[in-house]
Amino acid sequence: MQEGQKAKDFTLKNALGETVHLYEELSKGPVVLTFYRGGWCPFCNTQLKAYQKLLPDIEALGGQLIAVSPQSPDNTLSQQEKEQLTFQVLSDTNGLVAAFYNILYDVPDYIQDIMKQMGMDLAEYNATNRWILPIPSTFMIDESGIIRSAYVNPDFMQRLEPQNILRELRKL
């Protein structure tokens, strides 16, 4: 998905099992939609903590933050509690929403082998039968559902800087 395109609507469950619809959330104001790999990823945890600190500023600008990962709902709840995240954290266990946004990929066999050697079974962690991950991405979506900013970087160590989120929200 690119800037200027209509965001794909979706329905996912949050950490408490409640249903969240993107377009319903957009009726409340712009959405910062971020895709991350999972609670096992230290870069993702750092990103989510930084975004949590920024949440009052996002909300002051009328926006809201939604984070999506392929991890199981149980792991999502555990991460949300551990990191004390107060924004919506959603489970996309089969990667359907990430696929809608064209950021889903199958983890290559050689990376699977490395992760298994480290004791990580990604398919089990995500409660699915596939080794899938989203490219870490952040989309700024206005109330009409148009993507106003898209940050997609296949280098999982690089994330959208928190201050850039505020700069983009101020433009909406």
Side-chain angles (χ1 to χ4, degrees), residues 1-3 5 7-22 25 31-55 65-141 147 149-162 164-165:
M1 302 290 304
Q2 298 176 10
E3 293 175 18
Q5 290 184 304
K8 302 278 186 177
D9 191 16
F10 61 80
T11 302
L12 291 173
K13 300 278 187 186
N14 67 15
L16 301 174
E18 302 163 336
T19 302
V20 176
H21 303 275
L22 175 62
E25 297 304 310
V31 168
V32 178
L33 177 64
T34 191
F35 291 86
Y36 69 103
R37 298 171 349 137
W40 54 268
C41 170
F43 298 97
C44 298
N45 292 332
T46 299
Q47 171 194 17
L48 295 180
K49 285 184 218 175
Y51 289 7
Q52 176 64 44
K53 287 181 184 175
L54 196 68
L55 189 60
L65 178 60
I66 298 174
V68 178
S69 85
Q71 66 191 2
S72 73
D74 285 346
N75 285 321
T76 296
L77 179 60
S78 173
Q79 179 184 20
Q80 191 165 22
E81 290 172 342
K82 183 178 106 185
E83 305 294 344
Q84 299 178 337
L85 304 176
T86 59
F87 51 85
Q88 294 279 10
V89 182
L90 310 179
S91 293
D92 182 24
T93 54
N94 292 312
L96 298 177
V97 175
F100 285 159
Y101 282 75
N102 201 27
I103 57 169
L104 185 71
Y105 69 95
D106 290 300
V107 177
D109 291 341
Y110 74 95
I111 299 291
Q112 289 183 35
D113 293 340
I114 292 169
M115 291 179 82
K116 287 176 186 173
Q117 289 173 10
M118 295 171 32
M120 174 58 146
D121 182 335
L122 192 59
E124 181 180 307
Y125 188 85
N126 291 345
T128 187
N129 60 356
R130 297 175 55 205
W131 282 64
I132 55 171
L133 289 173
I135 297 170
S137 309
T138 302
F139 299 91
M140 309 290 288
I141 307 169
I147 296 173
S149 173
Y151 178 88
V152 180
N153 191 334
D155 180 349
F156 67 89
M157 294 183 280
Q158 301 296 316
R159 307 299 168 101
L160 182 64
E161 289 295 325
N164 289 345
I165 291 173

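Atom set for the values below is all heavy atoms of this structure, side chains included, hydrogens, waters and symmetry mates excluded. Residues: numbered from 1 along the sequence shown.
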Report yes or no: does [X] contribute a side-chain atom to a donor-acceptor pair with the main-chain N or O of [Y] at less than 3.5 Å?
X	Y	result
N153	Q158	no
T93	S91	no
Q112	V107	yes
S78	D74	no

| task | Go through the structure and list residues passing side chain to side chain donor-acceptor pair (under 3.5 Å) with T34, not counting sequence neighbours. | result |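 Listed in chain order: Q47, T138.
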
| By side chain to side chain donor-acceptor pair (under 3.5 Å), which residues pair with T86, not counting sequence neighbours? |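 For T86, the residues satisfying side chain to side chain donor-acceptor pair (under 3.5 Å) (neighbours in sequence not counted) are Q52.
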
| field | Stepwise side-chain contact (heavy atoms from CB on, under 4.5 Å) check, W40 with M118 | value | CA-CA 12 Å; W40 54 268; M118 295 171 32; over 6 Å; no

Distance in Å, [X] [atom1] paired with [Y] [atom2], rounded so as to fall on 0.5 Å steps:
X	Y	atom1	atom2	answer
S69	N126	OG	CG	7.0 Å
Q5	I141	CD	CD1	11.5 Å
Q71	L133	CD	CG	10.5 Å
F139	E3	CZ	CD	10.0 Å

Are any non-hydrogen side-chain atoms of [X] and [Y] less than 4.5 angstrom apart?
X	Y	result
Y51	L160	yes
Q79	L48	yes
M157	P136	no

Which pairs would a plain distance check flag for residues 8-22, meaning a side-chain donor or acceptor within less than 3.5 Å of a matching protein atom at least two apart in sequence or in another chain?
{"unit_1": "D9", "atom_1": "OD1", "unit_2": "Y23", "atom_2": "N", "d": "3.0"}
{"unit_1": "T11", "atom_1": "OG1", "unit_2": "H21", "atom_2": "ND1", "d": "2.6"}
{"unit_1": "K13", "atom_1": "NZ", "unit_2": "T19", "atom_2": "OG1", "d": "3.1"}
{"unit_1": "N14", "atom_1": "OD1", "unit_2": "L16", "atom_2": "N", "d": "2.9"}
{"unit_1": "N14", "atom_1": "OD1", "unit_2": "G17", "atom_2": "N", "d": "3.1"}
{"unit_1": "N14", "atom_1": "OD1", "unit_2": "E18", "atom_2": "N", "d": "2.9"}
{"unit_1": "N14", "atom_1": "ND2", "unit_2": "E18", "atom_2": "OE1", "d": "2.8"}
{"unit_1": "N14", "atom_1": "ND2", "unit_2": "Q88", "atom_2": "OE1", "d": "3.2"}

| said: For I147 versus A7, what's the shortest heavy-atom pair and its separation? | reply: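 I147 and A7 have their closest heavy atoms at CG1-CB, 4.0 Å.
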
| task | Please report the closest heavy-atom contact between A127 and S72, naming both atoms and the distance. | result |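 Heavy atoms only, the tightest pair is CB-CB, 3.7 Å.
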
| task | Hey, could you give me each pair passing salt bridge (charged side-chain N to carboxylate O under 4.0 Å, His left out) that has a residue in residues 115-125? Not counting sequence neighbours. | result |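 Of all non-adjacent pairs touching residues 115-125, none passes salt bridge (charged side-chain N to carboxylate O under 4.0 Å, His left out).
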
| request: Any pair with a residue in residues 32-52 that passes salt bridge (charged side-chain N to carboxylate O under 4.0 Å, His left out), sequence neighbours left out, goes on the list, sorted by first then second residue, please. | output: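 Those involving residues 32-52 are K49-E83.
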
| With sequence neighbours left out, which residue pairs that include part of residues 97-111 fulfil the side chain to side chain donor-acceptor pair (under 3.5 Å) condition? |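 Residue pairs with at least one partner in residues 97-111: D106-R130.
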
| task | Test V97 against F35 for side-chain contact (heavy atoms from CB on, under 4.5 Å), laying out the working first. | result | CA-CA 10 Å; V97 175; F35 291 86; 3.8 Å; yes

| said: side-chain contact (heavy atoms from CB on, under 4.5 Å) for V89 and Y36? Distances and angles first, verdict last. | reply: CA-CA 10 Å; V89 182; Y36 69 103; 3.2 Å; yes

